[in-house]
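Letters A, B, ... are given to chains in the order of the sequence lines, protein chains preceding strands, and every chain is numbered from 1. When reading the values below, keep in mind they use all heavy atoms of this one structure, side chains included, and skip hydrogens, waters and symmetry mates.
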Amino acid sequence: AANKYEQRQSDPRGNSYGEYRNMKQDKLDQQLSSAKQSELFKDLLIMLNGRLEPSASYLRQLIGQHGGQVVFQYTSGVTHMICQNLSASKFNIFSKRKIPIMYPKWVLMCVEQQKLIDTNDFIIQEIAEKLDIQQQTQISPIFQISQLNQSQFLEQQKQTEEEKQVLQLIESTQTTALVSSVLQPLNISQLSQLSPLSGTSPQAFYNVNRQVPQPQENTVQRYHESSRLHQLTQFKLNAQEFLIKNPPYGPKPTDTARPLFIHIDIDCFFCQASFLKLPTSKQQQLHGYPLAVSSNIKNASNSTADISSCNYTARRLGVHNGMWVSQAVQKCPNLQLLEYDFDFYNKLSLQFYDILRQFSSDIMPISCDEAYLKLSGIYTQQEDIKIIKQKIYSQLQLSTTIGLGENLIQARIATKLAKPNGFMFLNKEVFQQVIKDKQVDFLPQIGFKITEELKNMNIFTVEDLQNADIKLLRENFGEVKGQNLLNEANGVDFLLFQPIQNLLKQKSLQVSKNFNVRISQISVFKQLVFELLQELNQRSTDRQLKLNKLSITVNVAAANNKQFMKKMGCGVCNQVRSTIFIHKKCDQCVEELVDSVVNKIKMEDVRGVDVMGFVGEVKNIVQSKELGQNAQKKVEFWEKLQQQSQNTAEKQEIISCDDYFDALQQIDDQDVANALRKVFSAQCLCRGNLEEAFKLGIDGVEDMFEDKWRWL
DNA sequence: ATCGTGTGGTAGC
DNA sequence: ATCGCTACCACACGAT
């Protein structure tokens, strides 16, 4: 990315963008030098970690003013680490490298006294002590794994150099808490303290000039930090990203061999992970108890908090995931509640995938703790496959279950039957035997609604479903769904195995808050929508997704809303949605969009809001109203682009600015070209990418940019 | 018929 | 009090 700017500047197409850009950069540089107060921290690269008091952004500014560089992730060359709380594992990395770890106070004292104070005085003692405890901890698992071969165990403990590097990478992956401290809006002087690389990127540039109204409080971000479902979805995306960056390197399955897949799942993942986080004494104390993870609640007997994960002891006593804590303790008075530790879950999840990488080159991630691996022709003995379990257990102390099958559905069901800490092989015959007496909702993709519908058709067990009339199924559930239902009941594959390397670009992005939303005034509603949109904007930028369509969905209390409602939940709602295609200035679009939903609802009925962005596909962009009267040309343009695309994945992606530019050169019709230019340019602007917008060179881009960015 | 948009269902802990 | 998110699929339906 650092060189991108250079390349653009010397772009042979030659445009005035570079000059304009330089002018802005000079302004920034001036501000930077005027802010500089000393060279106290010269040559130091200081890492800020986690929540800090004073805030990370303040410290960044201060360190910058005194000549130092700041990073938020570990990179080589880091000389100091500033933090208040630190995980033992992170502490390990820093202490091994003899990098001093200090409280923020150190920075303040150095500045005050204008000298670098001896770091020894500020090294965090508590952390060192905590680490000692951690090292002594004998991890006692929730499940006992069958005897591991001792020498094999020791062999596995040895880390290769490559493994170490990957572990560091996992370690440096931003945690949620860290991200949120990084995402605070920057002011100009803060921005100038960024490393040169990001200081010249279009995004940073755009941050300076956009006068984004400051949210009163980031309710959305704070909410997400403790929402398990939010975290769960992010973990999955993190795992995908991890596998893309660190591709599986295990043996390649052969096409000629008999197809063979495993489905692997960490048993009650959150529960095991939270248990591991407890001190040894507590673990011993809780040994054998029913356990469950939920939000920290004071009054369990009244709580409508969800049980997010519970161990198998609790399950035998009638507790299940998603149950309210009050219901759970009624059934199971001994239930012991554990706290969430999302950062730890995320880390374990990436380590889990890092271990899987070595067992097959074809991995299909399903969630943060669950994946399919294609093993055709790789292993001949089931014992060889159990090594995966052993390795995960020896490295992470997590028990898993593996299902082996000739297709995905068989493997999936095998896991479900073998849980916890199990291993099972299912082929067609065994599948039929074990499945026929199960209720239909035992099968994947059959949830509450479909179970209800099947009941109406007098279908209760899988065997009923196997014998059901395919015509009737198709009529009631549609062609595909009907066929799929029958297929999965018979153990016939209906899911396509898609290894990570086939992963297509994300198609949509959604940010929701449907909890604790009670609104009295329009202004409060707008504030919430604004925050959600800001988050959407941030995520689409982070993931480099280009959105061309927005929609807002409001959950509105239905007539029976209050019945059986979770406290602070949204209850039964009707959805009201408005959608808009972004074809002009984003703030105008959003204003229209918000107004259109506001007109459809009563504020006091609002129980939740979703904002959704659709990743721009060329075919959607070409739909723009600006091009309405040029239908014929649109189609030609679209077809031309289709021909240029080499494969499906490419076709799915929006073409880059360079591609727009090239494509526009090829269009004979000036009206169409101009209209397209306008649309694309506006979209670039909406994404805050001035560089691209400018390159497309329509009149008034600068005006549009200087115009205050105000959504509401 | 064929297109695009809106709706509803499911999954993970 | 308590953190009911989010991506994706398939289909119904209306427009052409």
Side-chain angles (χ1 to χ4, degrees), chain A residues 219-220 222-237 239-240 265-274 292-299 302-311 320-326 340 342 345 349 365-371 412 441 443-453 474 477-484 495-496 504 506-517 535-536 539 549 551 553 555 565-579 581 607-608 610-615 617 619-620 623 631 635:
Chain A
T219 47
V220 172
R222 278 192 293 129
Y223 169 59
H224 282 161
E225 274 168 28
S226 43
S227 160
R228 76 184 197 282
L229 292 173
H230 167 80
Q231 300 284 349
L232 203 58
T233 40
Q234 301 312 310
F235 295 164
K236 179 186 173 181
L237 293 170
Q240 286 181 348
D265 189 306
I266 303 177
D267 303 318
C268 56
F269 178 41
F270 282 11
C271 191
Q272 279 202 81
S274 285
V293 179
S294 81
S295 308
N296 197 14
I297 33 82
K298 287 180 184 149
N299 190 356
N302 274 329
S303 171
T304 57
D306 280 350
I307 302 282
S308 77
S309 178
C310 57
N311 70 354
H320 58 81
N321 291 0
M323 191 182 239
W324 291 353
V325 169
S326 54
Y340 290 105
F342 293 121
Y345 302 157
S349 164
I366 297 299
S367 79
C368 64
D369 75 322
E370 184 185 346
R412 175 84 183 74
D441 59 1
L443 297 170
Q445 303 301 318
I446 301 189
F448 178 76
K449 293 281 181 181
I450 293 184
T451 308
E452 288 296 297
E453 280 226 39
R474 283 192 168 144
F477 298 100
E479 288 294 311
V480 177
K481 186 81 193 171
Q483 186 64 56
N484 284 349
L495 257 173
L496 207 60
L504 297 178
Q506 220 179 310
K507 298 180 181 70
S508 67
L509 247 185
Q510 192 183 336
V511 183
S512 319
K513 188 171 190 287
N514 292 297
F515 184 85
N516 196 10
V517 177
E535 179 66 22
L536 188 77
R539 284 188 208 168
K549 209 168 68 172
S551 76
T553 308
N555 273 313
M565 200 181 62
K566 184 179 169 65
K567 286 175 207 160
M568 315 307 280
C570 58
V572 186
C573 284
N574 298 318
Q575 296 199 327
V576 175
R577 182 183 340 227
S578 288
T579 305
F581 185 87
R607 291 291 177 275
D610 286 17
V611 299
M612 202 161 165
F614 297 88
V615 175
E617 290 177 43
K619 59 176 181 177
N620 291 338
Q623 282 294 311
V635 174

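Between A:Phe515 and A:Met612, the residue anchored closer to the 5' end of DNA chain C is A:Phe515, taking for each the nucleotide with the nearest heavy atom. Remark on DNA chain C: of its neighbouring residues A:Ser508 and A:Tyr223, the 5'-side contact belongs to A:Tyr223, judged by nearest-heavy-atom nucleotide.
For the OP1/OP2 pair of C:dC3 and a distance below 4.0 Å, the side-chain nitrogens and oxygens of A:Lys566 include at least one atom meeting the criterion. When the side-chain nitrogen and oxygen atoms of A:Ser295 are compared with OP1 and OP2 of C:dC3, one or more of them lie within a distance under 4.0 Å. Look at A:Ser303 and you'll find a side-chain N or O under 4.0 angstrom from OP1 or OP2 of C:dT2. Here A:Thr579 reaches the OP1 or OP2 of B:dG6: one of its side-chain N or O atoms lies under 4.0 Å away. Between A:His230 and the phosphate of C:dG4, there is no side-chain N or O to OP1/OP2 separation shorter than 4.0 Å.
Closest non-hydrogen pair, A:Ala239 versus A:Ser349, comes out as CB-OG, 4.3 Å. Summarising the geometry of A:Met612 relative to A:Leu536, their closest heavy-atom pair is C-CD2, 4.3 Å, with the distance given to 0.1 Å. Across A:His230 and A:Thr233, no two heavy atoms sit closer than the pair O-OG1, 2.7 Å. Minimum interatomic distance between A:Pro444 and A:Arg412 (heavy atoms only, all atoms of both residues): CG-CG, 4.2 Å.
Spacing between atom CD of A:Gln510 and atom C1' of C:dC8 amounts to 10 Å, rounded to whole angstrom units. What separates CG of A:Asp306 from P of B:dA11 is a distance of 16 Å, to the nearest Å. Summarising the geometry, the separation between CH2 on A:Trp324 and P on B:dC13 is reported as 22 Å, rounded to the nearest angstrom. Distance NZ (A:Lys507) to C1' (C:dC9): 9 Å, rounded to an integer number of Å. As a whole-Å value, the separation of A:Gln234 CD from C:dT6 P is 6 Å. Remark: C1' of C:dA7 and CZ of A:Phe614 are 11 Å apart, rounded to the nearest angstrom. Across the protein-nucleic acid pair, A:Asp610 atom CG and C:dG4 atom P stand 13 Å apart, rounded to whole Å. In this structure, A:Gln506 atom CD and C:dC8 atom P are separated by 5 Å, rounded to whole Å.
Heavy atoms of A:Asn299 sit nowhere under 4.0 angstrom from any nucleic acid atom. Counting any heavy atom pair closer than 4.0 Å across all strands shown, A:Ile366 reaches no nucleic acid atom. Using a 4.0 Å heavy-atom criterion, one finds that A:Arg412 contacts the sugar-phosphate atoms exclusively. At the heavy-atom level, A:Ser308 lies under 4.0 Å from base atoms of the strands shown. Contacts of A:Val511 with the nucleic acid, taken as non-hydrogen atoms under 4.0 Å apart, involve only primed sugar atoms and P, OP1 or OP2. Counting non-hydrogen atoms under 4.0 angstrom, A:Asn555 reaches nothing in the nucleic acid. Contacts of A:Ser551 with the nucleic acid, taken as non-hydrogen atoms under 4.0 Å apart, are absent. A:Ser367 comes within 4.0 angstrom of sugar-phosphate atoms only, judged by non-hydrogen atoms across all strands, and of no base. Note on A:Ser227: only backbone sugar-phosphate atoms sit closer than 4.0 angstrom, heavy atoms only; bases stay farther off. As judged by a 4.0 angstrom heavy-atom cut-off over every strand, A:Arg539 is placed among residues touching the sugar-phosphate backbone only. Among the heavy atoms of the strands, none lies under 4.0 Å from A:Ser294. A:Met323 comes within 4.0 angstrom of no nucleic acid atom, judged by non-hydrogen atoms across all strands. Within 4.0 Å of A:Gly322, counting heavy atoms only, lies no atom of the nucleic acid at all.
Remark: the backbone N or O of A:Phe614 is not paired with any side-chain donor or acceptor of A:Lys549 at under 3.5 angstrom. For A:Gln231 (side chain) and A:Glu225 (main-chain N/O), a donor-acceptor pair under 3.5 Å exists by modelled atom type. A donor-acceptor contact shorter than 3.5 Å is absent between the side chain of A:His320 and the backbone of A:Cys310.
For A:Phe477, the side chain to side chain contact (heavy atoms under 4.5 Å, CB included) criterion is met by A:Ile450, A:Glu453, A:Leu454, A:Met457, A:Leu473, A:Lys481, A:Leu485, not counting sequence neighbours. Qualifying ring pair (Phe, Tyr, Trp, His ring centres under 6.0 Å) partners for A:Tyr340, counting only residues two or more places apart in sequence or in other chains: A:Phe342. Looking at residues two or more places apart in sequence or on another chain, you find a side chain to side chain contact (heavy atoms under 4.5 Å, CB included) between A:Val576 and A:Val556, A:Lys600, A:Ile601.
With a glycosidic angle no further than 90° from 0, C:dT2 counts as syn.
Annotation for A:Lys567: atom NZ counts as buried by contact number, over 12 foreign heavy atoms lying within 6.0 Å.
For A:Arg228 against B:dC13, a side-chain-to-base donor-acceptor contact under 3.5 Å is present.
The pair A:Asp610-A:Arg577 does not count as a salt bridge, with every side-chain nitrogen at least 4.0 angstrom from each carboxylate oxygen.
Below 30°, between 30° and 60°, or above 60°: for A:Phe270 and A:Phe235 the angle between ring planes is above 60°, a perpendicular geometry.
Comparing the same atom, C1', in B:dA11 and in C:dT2 gives a spacing of 23 Å after rounding to whole Å.
For the atom pair CE of A:Met323 and OG1 of A:Thr304, the computed distance is 14.0 Å after rounding to the nearest 0.5 Å.
For the residue pair A:Ser367 / A:Asp369, a side-chain donor-acceptor distance below 3.5 Å is found, with atom types taken as modelled.
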Identify all pairs in which a protein N or O lies below 3.5 Å from an N or O of nucleotides 7-9 of chain B, and state each distance.
unit_1	atom_1	unit_2	atom_2	d
B:dT7	OP2	A:Arg577	NE	3.2

- Note on the structure: Intra- and inter-strand pairing of DNA chain B, written as dot-bracket with Watson-Crick and G-U pairs under 3.5 Å and | for the latter, reads ||||||||||||.
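When the nucleotides C:dT6, B:dG12, C:dC3 are ranked by their closest atom to the side chain of A:Ser512, C:dT6 comes out on top.
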- Message: So if I define the base as every atom that isn't primed, P, OP1 or OP2, how would nucleotides 10-16 of chain C read as a B/S/- string at a heavy-atom cutoff under 4.0 Å?
- Response: SS-----
